[in-house]
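Read the structure below first, then the notes.
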Amino acid sequence: MKWAGKVKQDMQDKEKRWEIGLLGFCLLFYLIFPFLDGPVWCVDSNSYAAMDITREPLYPTFLWVFRRMFGEGNYLMPVVAVQSVLGAYAAWKLAVTVKEYKEGSRILAVLAVCFQIGVVLLNRFVAKRGSSYTVSIMTEGMGFPLYVLFIVQLYKYMMEKRARNLAGTAVLAVLLVSLRKQMLLTLCLMAVVFILYFLIKKREGKKLLGLLLLTALLLLTGKGADRLYNYLVRGQWVEHAGNSMGVLCTLIYTSGEADDRLFQDETLKRFYTEINRQAGEAGCKISYAPKDSMGLMTHYADSYDVIGYGMINPVVQGYIREHGDGDPVHAALQYDEYCGGMVKTLLGQEKGNLIRVVLANIGEGFVNSVARVHRVLNVYAVLAYLLYMGLYFRGICVRKSWGKPEATQTFAEIVLLGLAINCGVVGVTIFSQPRYMIYSMGLFYCALSMLLYDEIKYSGVLARLFSAK
């Protein structure tokens, strides 16, 4: 008995050493890039460093803390070093979690790390940006690893139903919501996963109600943190500004000449008429777009920032400067009020063009979440999703696991739901460029590897191969 206990302890120690070695490899890989590329200052970086009112609170605060610790001229290298360590830890945590629930499979753990590393390599060596996000001074530097950790914690909670895992999920969701508005998808994902498991699968209405109330509380907590941040920085209890411009760009892009008749407010009507005129003269309207979906998306993406930064901002902000009181916070709130007013009005436009853009945008988002929009890769993406769903449903049928917390099925569901919600959130607000879509890329292939692993294991493929003469 004593001998058996010693053997078991030796095996556990061996697994711990292997996992520590995997963590060391992850750290070595991710920490190469701060020394290879240094901190990468991007177009949006200054707005975070300057704590602009249009930015959510977490990343500007993160940069401010490092400025206070290391000084204005020396803080960026420590920032990207911490972001790189966070990226390494997230990849490792995903790997050991998969290994834990998949009978200690080292191959799945290694694949989980490889898929996260693969995304980094694509960004650094294949994408036009030529740098990894972990060394970029932008929210993605923290957002990608935090999203992976959020998925891990949500997965662990759905597998084990432990309060500590739910608490970890909640904390990470609030951090992500405070990082960038796109990450409201985390709260949507929590709600959808809870509904799937505690209503559709198990009919545990009382537990579901409590979890949905928790999700609503997390939303209020994020909004409260946003207001507290602006109170401390600007002395005013307000949320960050600039939330309406993105949708307004799309609505102006899809609107028609007659839509000025929708406006009752004369100021908003003047704004729209001038912006729409400029958009038409610049060819930034859907009427100038190619008829095919890829051509439409290219034209829409090229027009988006031109409409927003080249037309909406000069027209609306110019009016506010001329007629406002000079207070920057009040000016930002007025800007939101005017843009929000135009959004509400333009939602009354004929929906044909809008639906066409949104559907094409969501479709492009699904492709960019697993590959890159291209005529060949579009076909590949469709095949990848078909394989994923085919293996998922086959696993349910073979193992009769629909109502159980089965490791592969649960992970595959959470990952795909998160990917789909992200495509929807981005698809209705902004163009689906890879920067917004690749949060789930490594996770998708990790889930697919688990599905393939189960198919090989439970279908007896290996046994038949080795027994074949």
* To do: Would you check if the side chain of Ser178 reaches a backbone N or O of Pro57 as a donor-acceptor pair within less than 3.5 Å?
  => no

* Judged by atom type as modelled, is there a donor-acceptor pair below 3.5 Å linking the side chain of Tyr439 to the main-chain atoms of Gly418? -> no

* Could you tell me whether Tyr101 and Tyr155 have their ring centroids closer than 6.0 angstrom? => yes

* **Between Tyr436 and Asn422, a side-chain donor and acceptor under 3.5 Å** => no

* Asked: So, for Gly87 and Pro145, which heavy atoms are closest and what is the spacing to 0.1 Å?
  -> CA-CB, 3.8 Å

* **Asn123 (side chain) donor-acceptor with Ser131 (main chain) under 3.5 angstrom** => no

* Looking at side-chain heavy atoms only, is the closest gap between Val113 and Leu22 below 4.5 Å? -> yes

* To do: For residues Leu448 and Phe115, determine if any side-chain heavy atom of one lies less than 4.5 Å from a side-chain heavy atom of the other.
  => no

* Asked: For the rings on Tyr133 and Phe33, is their centre-to-centre separation under 6.0 Å?
  -> no

* To do: Would you mind reporting whether His240 and Arg55 have side-chain heavy atoms less than 4.5 Å apart?
  => no

* Donor on one side chain, acceptor on other, Gln236 and Asn230, under 3.5 Å -> no

* Whether over 12 other heavy atoms sit under 6.0 Å from Glu281 CD -> yes

* Over all atoms of both residues, closest heavy-atom pair of Ala112 and Ala95 -> CB-CA, 3.9 Å

* Asked: For the atom pair OG1 (Thr298) and CG (Asp292), what is the distance rounded to the nearest 0.5 Å?
  -> 8.0 Å

* Structure fact -> The single option from Tyr304, Tyr288, Phe431, Tyr253 that satisfies ring pair (Phe, Tyr, Trp, His ring centres under 6.0 Å) with His299 is Tyr253

* To do: Give a yes or no on this: more than 12 heavy atoms of other residues, nucleotides or ligands lie within 6.0 Å of atom NZ of Lys351.
  => yes

* To do: Before giving the answer on side chain to side chain contact (heavy atoms under 4.5 Å, CB included), spell out for Ile151 and Phe411 the whole-Å C-alpha distance, their side-chain angles and the decisive distance to 0.1 Å.
  => CA-CA 9 Å; Ile151 293 294; Phe411 188 73; 4.1 Å; yes

* **Over all atoms of both residues, closest heavy-atom pair of Leu179 and Thr139** => O-CG2, 3.4 Å

* Asked: Does the pair Asp44/Arg435 count as a salt bridge with the N-to-O cut at 4.0 Å?
  -> yes

* **Close side-chain approach of Gln334 to His323, heavy-atom, < 4.5 Å** => no

* Could you give me the CA-CA distance, side-chain angles and deciding distance for Ile286 and Arg356, then say whether side chain to side chain contact (heavy atoms under 4.5 Å, CB included) is met? => CA-CA 10 Å; Ile286 193 172; Arg356 182 184 166 207; 3.9 Å; yes

* In terms of side-chain geometry, is the basic nitrogen of Arg270 or Glu274 positioned less than 4.0 Å from the acidic oxygen of its partner? -> no

* **Residue pairs, two or more places apart or on separate chains, that pass side chain to side chain donor-acceptor pair (under 3.5 Å) and touch residues 200-218** => Lys201-Glu413

* Can you check whether Trp41 reaches Leu76 side chain to side chain, under 4.5 Å on heavy atoms? -> yes

* Structure fact -> Interatomic distance, CG@Leu251 vs CG@Asp259, rounded to 0.5 Å, equals 9.5 Å

* Which word best sums up how the rings of Tyr445 and Tyr380 line up, parallel for under 30°, tilted for 30 to 60°, or perpendicular for over 60°? -> parallel

* To do: Mind listing the closest non-hydrogen atom pair of Met138 and Cys42 along with its distance?
  => SD-SG, 3.5 Å

* Structure fact -> The side-chain contact (heavy atoms from CB on, under 4.5 Å) partner of Met190 among Leu211, Ile195, Leu218 is Leu218

* Structure fact -> When rounded to the nearest 0.5 Å, the distance separating CZ of Arg124 from CG of Asp37 is 4.0 Å

* Asked: Given the rule in the ring pair (Phe, Tyr, Trp, His ring centres under 6.0 Å) test, do Tyr385 and Phe444 qualify, once you have shown the distances and angles that lead to the verdict?
  -> CA-CA 10 Å; Tyr385 283 115; Phe444 175 88; 5.3 Å; yes

* Could you please spell out the steps behind the ring pair (Phe, Tyr, Trp, His ring centres under 6.0 Å) verdict for Tyr59 and Phe62? => CA-CA 5 Å; Tyr59 200 64; Phe62 173 69; 5.8 Å; yes

* Structure fact -> Residues Ala371 and Met441: closest non-hydrogen pair is O-CE, 3.7 Å

* To do: For Lys285 and Ile252, indicate whether the former's side chain and the latter's backbone hold a donor-acceptor pair under 3.5 Å.
  => yes

* Enter the distance from Thr134:OG1 to Tyr30:OH here, rounded to the nearest 0.5 Å. => 7.0 Å

* Go through the steps for Asp265 and Phe271 under the test side chain to side chain contact (heavy atoms under 4.5 Å, CB included), then give the verdict. => CA-CA 10 Å; Asp265 185 289; Phe271 289 159; over 6 Å; no

* Side chain proximity check, Arg372 to Leu122, heavy atoms < 4.5 angstrom -> no

* Asked: Should we count OH of Tyr75 as having more than 12 external heavy atoms under 6.0 Å?
  -> yes

* Apply the test side chain to side chain contact (heavy atoms under 4.5 Å, CB included) to residues Val238 and Tyr231: give CA-CA distance (whole Å), side-chain angles for both, the deciding distance (0.1 Å), then the verdict. => CA-CA 7 Å; Val238 295; Tyr231 179 76; over 6 Å; no

* To do: Starting at CE of Met183, measure out to CG of Leu58 and round the result to the nearest 0.5 Å.
  => 12.5 Å

* To do: Look up atom CG in Asn368 and atom CD1 in Ile438, then write down how far apart they are to the nearest 0.5 Å.
  => 9.5 Å

* To do: Specify the closest pair of heavy atoms between Val40 and Ser45, including all atoms of both residues, with the distance to one decimal.
  => O-OG, 4.3 Å

* **Residue pair Ile312 / Cys339, side-chain heavy-atom distance below 4.5 Å** => yes

* Could you tell me whether the side chains of Thr345 and Tyr272 share a donor-acceptor contact shorter than 3.5 Å? => no

* Examine distances only and state if a side-chain atom of Gln83 and a backbone atom of Ser136 form a donor-acceptor pair shorter than 3.5 Å. => yes

* Verify the neighbour count for atom CD of Glu257: are there more than 12 heavy atoms of other residues, nucleotides or ligands below 6.0 Å? => no

* **Beyond-backbone contact of Ile53 with Val233, side-chain heavy atoms, under 4.5 angstrom** => no

* Should we count CZ of Phe35 as having more than 12 external heavy atoms under 6.0 Å? -> no

* Is there a donor in the side chain of Ser244 and an acceptor in the side chain of Tyr338, or the other way round, less than 3.5 Å apart? -> no

